[in-house]
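Reading through the structure tokens given below for one structure.
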Amino acid sequence: MAAATLVTGLVAAGVLSGAGVAAAGGQAQDPGGATATLGGLKTYGEAVIHADGGDLKVAAGLFEMSVDDGGMLQTYCIDMHSPTQKDAKYQETSWSGTSLGANKDAGKIRWILQNSYPQVNDLAALAERAGVGGLTEQDAAAGTQVAIWRYSDGADVDAVGARAEKLADYLEKSARDVAEPRASLTLDPPAVSGHPGELLGPVTVHTNALGVTVIPPADAATSGVRIVDKNGEVVTSAKDGSRLYFDVPEDTAEATGGETSPAPDGGSGAAALTVQASTTVPVGRAFASESRSQTQILAGSSESTVSATASAAWAEKGPIPALSARKNCAASGLDISAANTGDKPFIFELMGGEHSVPAGASRTVTIPLQEDQAYDFTITGPNGFAQRFTGVLDCKTQGSEVGTVTQTLAEPSPATVGGSSGGTTNLAATGGYSATPVITGVAIGLVVIGGAVLVLLRKRETPTGD
């Protein structure tokens, strides 16, 4: 196992490599759901954040995201002091992988989303409920964002407009706890393992879509690996609750074991399946970015393309591990789940500790990490098995410990608090600020240095024999 904490900030994923996987075309584990690109702040008003350094005026409202392969999302910010970056990539994720995981008021934020703009697009009805004379879209967006910030960041913040402020007060006082929404699409577990000649799985589909398309492994025609149901029938479509299996022919191990690097305990291999659907993403789903662009929460979704991927690994004998990772913000760490369907224990080292998973058993190891800590480590095993996990732990809002509220990159700037003079700050939506180019340059430098350190570490740790 090679471990290091200087990384390039890639999405938390497991990347398979090694003899069997190289032949099967290694795949990255996918948390599933919608992947989207941040477009920017689209409908907003103004708010004032009361901080130790003074009052700061910011833009507050709805962001828009474009979904990969089709669809649009509307989101609000739930980490007001972190920067937003235009065109940042976001992934739908569970609350447990964000600051919401340890926020006792997360359910109230979802109630606000369900009972305000844009879910309630009858502004006259919304104004009547809030006891407001009338609301514009900008009022509604600003008031909703302010109410959310009071629960997501514990912020002392007011809307500038009287009508928006009255809406924010109404939403804050009326909010009730609502359960976390289900993911739009996931596969559970995201990794399975077993012996060739067996059905590997099941992998269960969880989705709010009416149905999903099942995409077999890319090399299915040559490897002979099929995606089937429990009866061995080929599956091309599925629905919520469907159980999928990898049907691995007995001779697949020999075919994919690889002449380049033969496995010491017999042939091995790997494959991946993908499921895809078109659906609306549930309101209240969190969206996180590994670029440290501020975490968002879904307020509205068009019909959007969602997908998820699961992997399978197999071998004839010895340990046969299946690994997956999930951020655990409540425990301030990363959960590594390992299942061993082989006939020998799977023993691996991780962050200085040795762990053993008996044959036919599974266990989860939580790796403690510091907030904003980048991680990059690889778990190795027999038959050329190697799986890499990289990412950044981003579980907390920065809160009042940050001296300034920051401006969204490429967004318009409203007037400063108190006019153009007298020690006030000219800010727009929470996001980047004037030091952003400098910070970006430093970050790029650290990434380069970190990459060089990883190369050196891996050269040092690489055994002389293969």
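Excluded from the calculations below are hydrogen atoms, water molecules and symmetry mates; all remaining heavy atoms, backbone and side chain alike, are included. None of the values given here were measured: they were computed from a predicted structure.
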- Message: For a 4.5 angstrom cut-off between non-hydrogen side-chain atoms, does His206 reach Leu187?
- Response: no

- Message: Regarding Arg182 and Asp240, does a basic nitrogen lie under 4.0 Å from an acidic carboxylate oxygen?
- Response: yes

- Would a distance-only check, ignoring hydrogens and angles, find a side-chain to backbone donor-acceptor pair under 3.5 Å from Thr144 to Ala140? yes

- Query: Do any N or O atoms from the side chain of Arg326 and from the backbone of Gly97 form a donor-acceptor pair under 3.5 angstrom?
  - Reply: no

- May I have the step-by-step check of salt bridge (charged side-chain N to carboxylate O under 4.0 Å, His left out) for Lys42 and Glu64, ending in yes or no? CA-CA 7 Å; Lys42 298 301 182 182; Glu64 284 188 1; 5.2 Å; no

- Query: Any sub-3.5 Å donor-acceptor pair from Asp105's side-chain atoms to Lys108's backbone N or O?
  - Reply: no

- Message: With rounding to the nearest 0.5 angstrom, report the CD1 to CG distance, Ile336 to Leu350.
- Response: 6.0 Å

- Message: Given 3.5 Å as the limit, does a donor-acceptor pair link the side chain of Gln294 with the main chain of Ser82, or not?
- Response: yes

- Message: Please tell me whether Thr341 and Ser193 have a donor and an acceptor in their side chains that are separated by less than 3.5 angstrom.
- Response: yes

- Dump the intermediate steps for side-chain contact (heavy atoms from CB on, under 4.5 Å) on Leu123 and Thr136, then the final yes or no. CA-CA 7 Å; Leu123 296 182; Thr136 64; 5.6 Å; no

- Message: Taking the basic N atoms (NZ, or NE/NH1/NH2) and the acidic carboxylate oxygens, is any pair closer than 4.0 Å for Arg163 and Asp139?
- Response: yes

- Query: Salt bridge check: are Asp229 and Arg243 linked by an N-O gap of less than 4.0 Å?
  - Reply: no

- Return the minimal non-hydrogen interatomic distance between Gln91 and Ala34, and the atom names on each side. NE2-O, 3.4 Å

- Any chance CD of Gln370 has more than 12 other-residue heavy atoms, nucleotides or ligands included, within less than 6.0 Å? no

- Query: Between Leu323 and Ala191, which heavy-atom pair has the shortest distance, and what is it?
  - Reply: O-CB, 3.4 Å

- Message: Measuring from atom CD of Gln74 to atom CE of Met65, what distance do you get when rounded to the nearest 0.5 angstrom?
- Response: 11.5 Å

- Message: Using 0.5 Å steps for rounding, measure from the CG atom of Leu113 to the CD1 atom of Ile297.
- Response: 5.0 Å

- Report yes or no: does Trp149 contribute a side-chain atom to a donor-acceptor pair with the main-chain N or O of Asp79 at less than 3.5 Å? no

- Message: Closer than 3.5 angstrom, by distance alone: can the side chain of Asn103 be matched with the main-chain N or O of Ser99 as a donor-acceptor pair?
- Response: no

- Distance-only polar pair, side chains of Asp158 and His50, donor-acceptor under 3.5 Å: yes

- Query: Is Val214 close to Leu244 at the side-chain level, that is, under 4.5 Å between some pair of heavy atoms?
  - Reply: yes

- Are the side chains of Glu92 and Val281 in touch, meaning some heavy atoms are under 4.5 Å apart? yes

- Item | Nearest heavy-atom neighbours spanning Ala209 and Ser278 | CB-O, 4.3 Å

- Gap between atom CZ of Arg285 and atom CZ of Arg110 - 0.5 Å precision: 9.5 Å

- Can Phe377 and Arg388 be said to form a side-chain contact (heavy atoms from CB on, under 4.5 Å), step by step? CA-CA 6 Å; Phe377 52 85; Arg388 181 183 176 195; over 6 Å; no

- salt_bridge(Lys327, Glu290) N-O dist < 4.0 Å: yes

- Task: Mind checking the OG-CG spacing from Ser301 to Leu73? Nearest 0.5 Å is all I need.
- Result: 5.0 Å

- Taking C-beta and beyond as the side chain, do Thr295 and Phe287 meet within less than 4.5 Å on heavy atoms? no

- State whether the side chain of Asp153 and the backbone N or O of Ala155 hold a donor-acceptor pair below 3.5 Å, judged by distance alone. no

- Salt bridge Lys396-Glu371, side-chain N to carboxylate O under 4.0 Å: no

- Heavy-atom check, side chain of Leu334 versus side chain of Tyr375, under 4.5 Å: yes

- Task: Would you sort out whether Thr364 and Ser337 count as a side-chain hydrogen bond (donor to acceptor under 3.5 Å, both in side chains), showing the intermediate values?
- Result: CA-CA 4 Å; Thr364 298; Ser337 296; 3.2 Å; yes

- Message: Measuring from atom CG of Leu369 to atom CG of Asp394, what distance do you get when rounded to the nearest 0.5 angstrom?
- Response: 12.0 Å

- Message: I'd like to know whether Leu38 forms a side-chain contact (heavy atoms from CB on, under 4.5 Å) with Ser293, so could you lay out the CA-CA distance, the side-chain angles of the two residues, the decisive distance to 0.1 Å, and finally the verdict.
- Response: CA-CA 9 Å; Leu38 184 67; Ser293 187; 4.2 Å; yes

- Message: Quick check against the 3.5 Å criterion: does Tyr76 have a side-chain atom that pairs as donor or acceptor with the backbone of Gln296?
- Response: no

- Item | Closest heavy-atom pair and its distance - Thr98, Ala286 | CG2-CB, 4.0 Å

- Does the distance from a Lys or Arg side-chain N to an Asp or Glu carboxylate O, for Asp68 and Lys89, drop under 4.0 Å? yes

- Item | Short side-chain to backbone donor-acceptor contact, Ser302 and Met72, under 3.5 Å | yes

- Query: Taking all non-hydrogen atoms of both residues, which atom of Thr274 and which atom of Thr309 are closest, and how far apart?
  - Reply: OG1-OG1, 3.3 Å

- Item | Stepwise side-chain contact (heavy atoms from CB on, under 4.5 Å) test for Ser66 and Thr37 | CA-CA 5 Å; Ser66 56; Thr37 301; 3.9 Å; yes

- Message: Here's a test for you: under side chain to side chain contact (heavy atoms under 4.5 Å, CB included), which of Leu298, Thr207, Thr280, Asn208 qualifies with Ser184?
- Response: Asn208

- Message: Do Val228 and Leu199 have side chains that approach each other closer than 4.5 Å (heavy atoms only, starting at C-beta)?
- Response: yes

- Note on the structure: Nearest heavy-atom contact between Leu185 and Ser307 is CD2-CA, 3.6 Å

- Item | Side-chain heavy atoms of Thr213 within contact of Thr236, under 4.5 Å | no

- Message: So Val48 and Val157, do their side chains get closer than 4.5 Å, heavy atoms only?
- Response: no

- Message: If the threshold is 4.0 Å, N to carboxylate O, is there a salt bridge linking Arg150 and Glu165?
- Response: yes

- Message: Looking at Gly39, is its backbone amide N or carbonyl O close enough to the side chain of Lys86 to form a donor-acceptor pair, meaning the two atoms are under 3.5 Å apart?
- Response: yes

